[in-house]
Amino acid sequence: MQRQLQQLIPALATSDGAGVRIKRSLGQSQQARLDPFLMLDEFNSESKDDYIGGFPSHPHRGFETVTYMLEGHMLHEDHMGNRGDLKSGDVQWMTAGRGIIHSEMPQQEEGRMHGFQMWLNLPAAEKMKPAAYRDIPASDIPTLALANGGKVKVIAGSVTADGQTVEGPIQGLSTEPRYWDVQLPAGATFEQALPKGLNAFLYVFEGDLTIGEPPRQLKNGAAGVLSDGESLTITAGDSGARALVLAGKPIQEPIAQYGPFVMNTPEEIEEAINDYRAGRLAG
């Protein structure tokens, strides 16, 4: 059974951090989530005024943040003394767990800064595990070339096409995430198994594409939530298309969120706030 386009979530222009201009699709409201995904932001500008303020030191607890840089240079620093340079094509997969305090600051004053940050929830059993992160250089992210001239960068999960299977560097997480960057020339089609029971959505950031049968259009700058099913078929429009495909196993637990804290109950949120104020968040 093919997955169909079930819901459109046009990205809204907003700002975060110290005035960084972003477009937010998932996460713009509590109703615009898709378990286990909490949020997806796109930042994309050639003007330094739109990104130079960056994201000064701030806390997280209870989920994972995934940053994918298409163009630009950001520096991650955290309370544990870790430093990580994110450059064009790199990914950082950070598990906040019980707590992390970090900053993400631009290392450029001109040129385009373009990328995404996705928030992925953690189940209750993992929310208080120690913080950790993995910096994945672009050279460690495999690309599968498609026979039709398209290509797929596989960040998490695996993709099988034209008799080849490529596995991304992120495997074995409890939410079983798939994170693919799919690029297609005009009129080209990408078909892929996407197991039943996983929640899935696409975000188009170049061109436009159609999904399913009968085909429904998904335009640039919009997230498309998919129905359940066993496979995905997308076809690029007249100018080609590039889109993120994200899928994961739903956690099916209550969500209590207060800014950068995502827990299961209001009491746990209060505890996180108190721990942060008392310097215990990341202890």
Side-chain angles (χ1 to χ4, degrees), residues 2-11 23 25-26 40-46 66 68-72 87-91 111-116 118 136-170 177-195 198 200-227 229-247:
Q2 280 198 31
R3 290 175 179 259
Q4 308 295 330
L5 181 57
Q6 183 172 273
Q7 180 188 3
L8 287 173
I9 305 177
K23 293 196 295 184
S25 50
L26 255 68
L40 180 68
D41 287 349
E42 178 183 14
F43 47 93
N44 184 12
S45 180
E46 290 186 344
V66 181
Y68 176 28
M69 292 291 295
L70 296 179
E71 296 181 67
K87 298 180 180 179
S88 299
D90 296 346
V91 169
R112 182 175 297 279
M113 180 80 74
H114 188 194
F116 302 91
M118 179 264 287
I136 308 167
S139 58
D140 288 350
I141 301 172
T143 298
L144 178 60
L146 305 176
N148 58 19
K151 58 184 179 180
V152 185
K153 290 184 68 175
V154 186
I155 296 167
S158 63
V159 170
T160 299
D162 304 323
Q164 297 183 68
T165 298
V166 167
E167 293 192 346
I170 298 296
R178 276 74 167 162
Y179 193 141
W180 310 330
D181 175 355
V182 180
Q183 188 169 358
L184 297 172
T189 294
F190 172 68
E191 299 181 29
Q192 192 64 204
L194 204 52
L198 298 183
F201 74 99
L202 285 77
Y203 181 80
V204 179
F205 61 98
E206 290 181 13
D208 62 87
L209 51 79
T210 57
I211 300 171
E213 187 61 45
R216 288 190 62 192
Q217 187 180 48
L218 185 61
K219 295 183 178 181
N220 189 335
V225 177
L226 304 180
S227 65
E230 298 170 339
S231 65
L232 170 67
T233 300
I234 58 176
T235 301
D238 293 341
S239 59
R242 191 171 179 188
L244 301 182
V245 179
L246 294 109

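Bear in mind that the values here come from a model prediction, so they are computed numbers and not experimental data. For reference, positions follow the sequence shown, starting with 1.
- A heavy-atom distance below 4.5 Å is not found between the side chains of Tyr179 and Val91.
- Two residues are said to be in side-chain contact when any heavy atoms from C-beta on lie closer than 4.5 Å; Ile170 and Val66 fail this criterion.
- The two residues Leu70 and Ser88 make their nearest non-hydrogen contact at O-CB, 3.4 Å.
- Sorted by first and then second residue, the pairs that involve residues 209-218 and meet side-chain hydrogen bond (donor to acceptor under 3.5 Å, both in side chains), not counting sequence neighbours, are Asp208-Gln217.
- Ring geometry for His114 versus Phe116: interplanar angle of 30 to 60°, hence tilted.
- Heavy-atom minimum distance, Pro169 versus Ile136: CG-CG2, 3.8 Å.
- In terms of heavy atoms, Ala11 sits closest to Tyr203 at CB-OH, 3.9 Å.
- In this structure Arg3 satisfies the salt bridge (charged side-chain N to carboxylate O under 4.0 Å, His left out) test together with Asp228, sequence neighbours excluded.
- In this structure, the side chains of Arg112 and Asn44 come closer than 4.5 Å at one or more pairs of heavy atoms.
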Please tabulate, one pair per line, all N/O donor-acceptor pairs under 3.5 Å involving side-chain atoms of residues 231-246, not counting sequence neighbours.
| residue | atom | partner | partner atom | Å |
| --- | --- | --- | --- | --- |
| Thr235 | OG1 | Thr189 | OG1 | 2.8 |
| Arg242 | NE | Asp181 | OD1 | 3.0 |
| Arg242 | NE | Asp181 | OD2 | 3.3 |
| Arg242 | NH2 | Asp181 | OD2 | 2.7 |

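- Between Ala223 and Leu26, the closest heavy-atom pair is CB-CD1, 4.2 Å.
- Remark: side-chain polar atoms of Asp140 are not paired, donor with acceptor, to backbone N or O of Pro137 under 3.5 angstrom.
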Please determine whether side-chain contact (heavy atoms from CB on, under 4.5 Å) holds for the pair Leu40 and Phe201, giving the CA-CA distance in whole Å, both sets of side-chain angles, and the decisive distance to 0.1 Å. CA-CA 11 Å; Leu40 180 68; Phe201 74 99; 3.9 Å; yes
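- Remark: Glu191 pairs with no residue by the side-chain hydrogen bond (donor to acceptor under 3.5 Å, both in side chains) rule, at least two apart or across chains.
- Put simply, CG on Leu218 and CG on Leu202 are 6.5 Å apart, with the number rounded to the nearest 0.5 Å.
- Closest of all the heavy-atom pairs between Gln4 and Gln2 is NE2-O, 3.5 Å.
- Shown here are the ring-ring contact (aromatic ring centres under 6.0 Å, His included) partners of Phe190, two or more places apart in sequence or in another chain: there are none.
- Counting heavy atoms from C-beta outward, Leu184 and Leu209 have side chains that stay 4.5 Å or more apart.
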Which atom pairs, donor and acceptor, lie under 3.5 Å between side-chain atoms of residues 153-165 and protein residues at least two apart or in another chain?
| residue | atom | partner | partner atom | Å |
| --- | --- | --- | --- | --- |
| Lys153 | NZ | Tyr68 | OH | 3.2 |
| Thr160 | OG1 | Thr165 | OG1 | 2.7 |
| Asp162 | OD2 | Ala147 | N | 2.9 |

